[in-house]
Each structure stands twice: as C-alpha cells, then as structure tokens.
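A quick write-up on the structure given underneath.
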Amino acid sequence: MAIGYCCISNGINIGRRPKDFIKVNRGMIRKTFLEKGLPYASELSLLNLIDCLEVLKYNVKNKIFVYRLSSDMIPWFSEFNLEELPDYTKICSLLKKIGDYAKTNTIRLSAHPGPYTVLASETESVVEKSIDDLNKHSQMMDLMGLDATRYYPINIHINTTQPTREEAAERFTENFFLLDENTRKRLTIENDDKLSQYSVKMLYEFIYKQIKVPICFDQHHYKYGPQDQTMEEALKLAYSTWGSIKPLTHMSSSRRIEDVSSKETAHADFLYEKIETFGLDFDTDLECKEKDIALFKYRKDYGVL
DNA sequence: CATGGTCAAGTGGCA
DNA sequence: TGCCACTTGACCATG
C-alpha cells in the first residue's frame, strides 16, 4: 500500500519566506480576472505548474508516490480553453515534464474535481459546465502523457440526489456517455458522508452495474453515510470494481477529535487511526488538513512507510 | 509585511 | 434563511 496526500504541501515551505512559498493554487478574484484577463491567468498557471513539478520532486525525496493534483492550477479554466493562453506552448511542455517525471518515478497522480462538478445535475447548464470541467481535467492528463486508465483517476462525487437517488444516478449514467472517451476511461466515483446520499452499495447498484465506473472508497465518509454494509463489506465491494488497476481510497479522521464544536464530518489535521486494509492491497490519499505533515506523522505513529 | 474583509461555481444539512 | 462544509483557503486593499 502506498499512501499520499492531496494538492498542497505544507512541509515544502517550512523555512521559506512567504514570498518564496511553493504553491500550486495561485488564483485571483473575479475583479482581477476581468481586469487582467488571459495573460495573467497564463502567468499564474505557469507559476503553478512550475511549482507542481517542484512538489513532485519533493514528494520523491520524501518517498511519497501517491499525489492528488490540485484542480486550481489553471485559474478560471472554466472561462477559456488552454490553447487561448499566451503561454500555451510553455504550459504544454511543463505538463509533459510533470507527466514524464511522474511516470519515471512511478508517482500515481489523480484528480478530484469538487462540489461544483455535478454531472447528474437537474440543471442543463450545470451538466454542460461539469462535462467541460471533467474533460479539461482529462485534457491536462493527456498533455502530461498519462495513460487514460484508472491508475490516474479523475474521481468525483455524484453531488446530487434530486429528485431521488435513483433518478439522479440514472442521469449520471446517461450523461457519462457525453464525456470525452479518455475522460470516461479515467472517471471514478466516491461514496458520500451523508445519510441521504450514496453508499458504496448504492453506487454499485445504481451506477457501477450499468457503466462499470470503479468506486473510490472513503473510510471517513463511510462512517457518516448510509449504513447498509459493514466497513469491510463496503471496502471489499468498492475494491472489486477496479479490475486489474490497484484501487485508490481516501482516509481521514473527524475534526471533532481535535475540536468538539466542529462538525463530525469535517476533516481533522491528522489521521488518528491505523488504516484498516482487511488484507487488501490498495493506495490511499490522506485527506488531512496538515497534508504531507500529517502523512509524516502517520508514518511515525504507526511505524509504516 | 501583517491583517481582515471578501471571495466563481452546486448541493444539502443544520442552527 | 443564511451559514457551513465539501477535495484545498487564498486574494487583495489597507495600514
């Protein structure tokens, strides 16, 4: 099992002055985008991608071979196509470098578009934007030269249950076919942390059975989602959907351990429990606020690499 | 350089 | 009804 973290490295900036911070998610507010437009978006994208490569090098130095790419590397990407950026050529060559570096060093990259990506939305414009967003994630991976397989997954939640779980899931399976081919080959789906949303079993019944999209198991979400299986059953069912690809899972602890006033579904700074594998081999993203620092602590606390 | 108000997007749960 | 949470706080005007 290889363990990684998501998007932001906290450790890489220890000892650096704020102006020298390495970060992959420089952005801007709407007002600035309207004022400065594509040239500035291009400039920030370049800086983010340069730093992304630095983060990968830092990861290898620290024996971290699983890493989730930030979805915020290209600011305002919903508003233009990559080809429109003044630095398009440089951006392509950087993406290629990132992919080459990842492959040479066997880093497993993934992406996880967020709450605004609702492929199953009842609103047509939201579906269109979601398709565009997913295809753009896939396009970046294409430019990185990454295989279009679930070894480099683009993982999403269903993000809606309107008007019912079953109907939303059905829309998901229909809209799936509107995605670019490589996007479809990369897509995976994740269980939710709310009783009203999707358990692993529901994803399996409503979606996997129809379109064979593998299920990314989130152990923390499992605890707060519909309790229709034991954790072992849910993990094993999700595991069974990955075929020959090593499954990817998510792990985190409840923030309530650190702050009794916070919501139990919120994520903690660190992981406070050992990852239960039930004898299976899979990769894991730690979803902890302290990022790579949380990974180092986990290794130390549990004596694992 | 530090601080605090403000900030694209969709959906759902909670005070 | 408005805020929080979500895969991740960060931007930027001001002092």
Side-chain angles (χ1 to χ4, degrees), chain A residues 4-10 13 17-21 23-36 40-41 44 47-48 51-52 55 66-80 109-134 136-137 153-165 168 171-172 188-198 216 218 220-221 224-225 248-252 254-256 259 261-269 284-294:
Chain A
Y5 68 100
C6 309
C7 311
I8 294 167
S9 169
N10 284 344
N13 288 320
R17 304 151 67 91
K19 71 176 179 64
D20 298 324
F21 275 7
K23 52 205 188 101
V24 297
N25 55 353
R26 296 171 185 82
M28 59 188 139
I29 59 175
R30 175 200 280 275
K31 183 161 157 274
T32 307
F33 181 56
L34 293 175
E35 282 165 12
K36 300 189 173 180
Y40 190 51
L44 293 181
L47 292 172
N48 287 337
D51 281 1
C52 178
V55 169
V66 175
Y67 174 70
R68 180 188 302 169
L69 295 164
S70 171
S71 292
D72 291 336
M73 289 200 291
I74 314 287
W76 294 94
F77 198 8
S78 58
E79 305 304 310
F80 53 82
L109 297 175
S110 66
H112 193 6
Y116 306 118
T117 304
V118 190
L119 185 60
S121 176
E122 289 187 294
T123 310
E124 193 180 354
S125 61
V126 174
V127 174
E128 283 168 12
K129 282 186 272 186
S130 300
I131 290 170
D132 184 61
D133 177 52
L134 290 167
K136 281 172 170 166
H137 277 84
I154 299 173
N155 177 53
I156 58 174
H157 290 270
I158 310 307
N159 278 336
T160 183
T161 54
Q162 295 304 316
T164 66
R165 274 197 196 100
R171 274 201 310 278
F172 188 96
T188 64
I189 51 179
E190 177 175 342
N191 59 303
D192 292 297
D193 62 359
K194 295 185 179 76
L195 290 173
S196 66
Q197 298 187 193
Y198 300 87
C216 175
D218 187 308
H220 179 239
H221 290 167
Y224 307 104
L248 183 64
T249 71
H250 296 171
M251 297 284 163
S252 53
S254 171
R255 178 142 195 87
R256 196 166 280 179
D259 172 7
S261 69
S262 66
K263 296 182 63 168
E264 59 186 0
T265 54
H267 293 255
D269 288 340
T284 293
D285 283 334
L286 292 197
E287 291 181 333
C288 302
K289 300 267 183 205
E290 278 298 337
K291 307 297 187 182
D292 49 331
I293 302 296

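Here the structure is a predicted model, which means the values were calculated and not measured. In what follows, chains carry the letters A, B, and so on, assigned in the order in which the sequence lines appear, proteins first and then strands, with residues in each chain numbered from 1.
Consecutive Watson-Crick or G-U pairs involving DNA chain B, each under 3.5 Å on both distances, make up stems of three or more pairs at B:1-7 with C:9-15, B:10-15 with C:1-6.
For Arg26(A), the listed nucleotide lying nearest its side chain is dC11(C); candidates were dC1(B), dC11(C), dG12(B). Listed nucleotides: dC12(C), dA8(B), dA9(B). Nearest to the side chain of Tyr116(A): dA9(B). Closest contact between the side chain of Lys289(A) and the listed nucleotides dG12(B), dG9(C), dG10(B) involves dG9(C). Closest to the side chain of Tyr40(A), from the set dC12(C), dG10(B), dT8(C), is dC12(C). Distance from the side chain of Ile29(A) is smallest to dC12(C) among dC12(C), dG9(C), dG10(B). The side chain of Ile8(A) approaches dT8(C) more closely than any other nucleotide in the set dT8(C), dA13(C), dG13(B). Taking the side chain of Arg17(A) as heavy atoms from C-beta on, and the options dC1(B), dG12(B), dT8(C), the nearest nucleotide is dC1(B). For Asn25(A), the listed nucleotide lying nearest its side chain is dT8(C); candidates were dA9(B), dG12(B), dT8(C). Checked against dG13(B), dG10(B), dG12(B), the side chain of Ser196(A) finds its nearest nucleotide in dG13(B). Nearest nucleotide to the Asp72(A) side chain, out of dG9(C), dG10(B), dT8(C): dT8(C).
With both ends at atom P, the span from dG5(B) to dC4(C) equals 14 Å, rounded to whole Å. With both ends at atom P, the span from dG2(C) to dC7(B) equals 15 Å, rounded to whole Å. Look at the P atom in both dT6(B) and dC6(C): the space between them is 23 Å, to the nearest Å. As rounded to the nearest Å, dG12(B) and dG9(C) have P atoms that lie 23 Å from one another. Comparing the C1' positions of dA2(B) and dT8(C) gives an interatomic distance of 23 Å, to the nearest angstrom. Taking atom P on both nucleotides, dG10(B) is separated from dA10(C) by 22 Å, rounded to a whole Å.
Here Ser78(A) lies in heavy-atom contact (under 4.0 Å) with a base. When heavy atoms are screened at a 4.0 angstrom cut-off, Thr117(A) is found touching no nucleic acid atom at all. His220(A) comes within contact range of no nucleotide atom at all, as no heavy-atom separation falls under 4.0 Å. Contacts of Asn155(A) with the nucleic acid, taken as non-hydrogen atoms under 4.0 Å apart, are absent. Among the atoms of the strands shown, none is found under 4.0 Å from any heavy atom of Glu190(A). Residue contacts for Gly114(A): at a heavy-atom cut-off of 4.0 Å it reaches a base atom on one of the strands shown. Note on Glu79(A): nothing from the nucleic acid sits closer than 4.0 angstrom, heavy atoms only. Ser71(A) comes within contact range of no nucleotide atom at all, as no heavy-atom separation falls under 4.0 Å. As judged by a 4.0 angstrom heavy-atom cut-off over every strand, Arg255(A) is placed among residues making no nucleic acid contact. Looking at heavy-atom distances under 4.0 Å, His250(A) makes no contact with the nucleic acid at all.
Computed from coordinates, the Leu34(A) CG to dC12(C) C1' distance equals 15 Å when rounded to whole Å. In this entry the distance linking CD of Glu287(A) with C1' of dA5(C) reads 13 Å, nearest Å. Across the protein-nucleic acid pair, His267(A) atom NE2 and dC6(C) atom P stand 5 Å apart, rounded to whole Å. Tyr224(A) places its OH atom 13 Å from the P atom of dC14(B), with the value rounded to the nearest Å. Taking atom CD of Glu35(A) as the reference point, atom P of dA8(B) lies 12 Å away to the nearest angstrom.
Side chain to side chain, Gln197(A) and His221(A) fail the donor-acceptor criterion of an N or O pair below 3.5 Å.
Mapping Cys7(A) and Lys23(A) onto DNA chain C by nearest heavy atom places Cys7(A) at the nucleotide closer to the 5' end.
Heavy atoms of other residues, nucleotides or ligands lying less than 6.0 angstrom from CD of Glu124(A) number 12 at most.
Lys136(A) has a carboxylate O that lies under 4.0 Å from a charged side-chain N of Asp132(A), or vice versa, which qualifies the two as a salt bridge.
For an aromatic pair to be called close, the ring centres must be under 6.0 Å apart, and His220(A) with His267(A) satisfies this.
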